[in-house]
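Every chain is numbered from 1, with letters handed out A, B, ... down the list of sequences.
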Protein chains: 2
Amino acid sequence: MGAVLRRHGYKLTRQRRAVIEAIIVSQDRLTPAILYAKVHQDHPDIGVVTIYRTLEILAELALVCELHGGTACHRYVIGQPEQHHHHLICSGCSLVTDFTRHDFSALERSLARQSRFRIDGHLLEFFGLCPACQEKQSGP
Amino acid sequence: MGAVLRRHGYKLTRQRRAVIEAIIVSQDRLTPAILYAKVHQDHPDIGVVTIYRTLEILAELALVCELHGGTACHRYVIGQPEQHHHHLICSGCSLVTDFTRHDFSALERSLARQSRFRIDGHLLEFFGLCPACQEKQSGP
DNA sequence: CTGCTTGCAAACCCTTTGCAGTCCC
DNA sequence: GGGACTGCAAAGGGTTTGCAAGCAG
């Protein structure tokens with residue numbers, strides 16, 4: 001991940017390394033605030049501003065992917081570049097599962113034909129409860 | 001729309017009437033700010049706070065539907081209750097077209113089976129350019 | 001009349017910006 | 001050593017809240 005930064009002319013600083021590591025380690029959807037908290041634990045000297053600026057760069061390079069929808073907008077997950085994917089988001093624990101299987105090109109073409117829109121992209125997210133949270137709910 | 005409010009025990013005040021009318025008249029996606037501007041034109045005495053509080057109620061009663069994604073989160077459109085629909089959003093003029101044709105139940109079932117999630121809902125939005133904005137773009 | 005609603009103002013986020021000092025390369 | 005990067009603090013924008021006054025039912 002850091003290599004990509006370098007390749008695009010960004011410097012790989014201690015702070016950016018810390019932010020990237022925190023993102024990789026965690027599997028959750030991360031808000032800037034959550035990410036800041038995680039980074040701040042090990043590196044109390046890193047400020048929120050750096051989190052925002054780093055996230056901006058990572059999003060620009062598609063190393064991270066911005067989520068919308070649900071109760072909290074502006075969340076980020078690690079994004080596989082060159083691979084469009086959708087998300088399955090747990091309302092209980094915020095676990096995010098990617099799925100790439102579904103192909104929307106047929107639907108997109110038919111929509112474009114009928115609406116005369118030029119379609120550039122889409123956003124698809126499913127909401128629900130992951131297995132663990134389902135158990136918690138039905139359990140004690 | 002007002003009747004539904006009443007039915008749920010909310011009072012139908014002059015302010016709420018104004019907000020509802022503004023929503024119905026406009027076909028765009030509305031941010032609280034835009035809606036406030038529209039309402040404020042005819043009713044300079046109505047404050048932003050009322051916009052927020054009214055939107056909250058309307059969203060709760062599913063009379064209005066919250067959109068996410070794109071550059072501006074937190075936008076609202078009139079929502080047909082009892083009818084799940086998706087949106088086709090123009091990046092140029094913010095025109096929103098609904099489409100309800102596509103059926104996701106099959107995809108949802110297969111996703112649920114494979115991920116073991118209990119799927120409660122989804123959000124699907126397409127982005128692109130409407131016919132008018134395509135012409136503007138290719139024109140002078 | 002009674003209690004829900006409202007508007008104002010202030011509080012409160014979250015995010016961005018300006019600037020002087022710091023550090024990567 | 002130079003320019004990109006950082007942290008601080010402050011500004012900025014959007015949203016929420018407390019409170020006294022107002023109005024629907």
Measure [atom1]/[X] against [atom2]/[N] and give the value in whole Å, please.
| X | N | atom1 | atom2 | value |
| --- | --- | --- | --- | --- |
| A/Tyr36 | D/dT6 | OH | C1' | 13 Å |
| A/Leu5 | D/dC5 | CG | P | 9 Å |
| B/Asp45 | D/dA21 | CG | P | 19 Å |
| B/Ile51 | D/dT17 | CD1 | P | 17 Å |
| B/Leu55 | D/dT16 | CG | P | 10 Å |
| A/Ile34 | C/dC14 | CD1 | P | 11 Å |
| A/His43 | D/dC5 | NE2 | P | 19 Å |

For A/Arg53, side chain to side chain contact (heavy atoms under 4.5 Å, CB included) partners two or more places apart: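 Listed in chain order: A/Val49.
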Side chain to side chain contact (heavy atoms under 4.5 Å, CB included) partners for B/Arg7, two or more places apart: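 For B/Arg7 the side chain to side chain contact (heavy atoms under 4.5 Å, CB included) partners, ignoring immediate neighbours, are B/Ala3, B/Val4.
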Base-contact (B) and sugar-phosphate-only (S) positions in nucleotides 16-25 of chain C, heavy-atom cut-off under 4.0 Å, - elsewhere: BB------BS
Residues in side chain to side chain donor-acceptor pair (under 3.5 Å) contact with B/Arg14, at least two apart in sequence or another chain: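 Counting only residues at least two positions away or on another chain, B/Arg14 forms a side chain to side chain donor-acceptor pair (under 3.5 Å) with B/Asp45.
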Ring pair (Phe, Tyr, Trp, His ring centres under 6.0 Å) involving B/His8 - partner list, sequence neighbours excluded: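 Scan of B/His8 (ring pair (Phe, Tyr, Trp, His ring centres under 6.0 Å), adjacent residues dropped) gives none.
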Partner residues of B/Tyr36 under the ring pair (Phe, Tyr, Trp, His ring centres under 6.0 Å) criterion, sequence neighbours left out: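 Ring pair (Phe, Tyr, Trp, His ring centres under 6.0 Å) check on B/Tyr36 returns B/His40.
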Donor-acceptor under 3.5 Å (A/Gln15 side chain, A/Ile46 main chain):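 Pair absent, no side-chain N/O of A/Gln15 close to backbone of A/Ile46.
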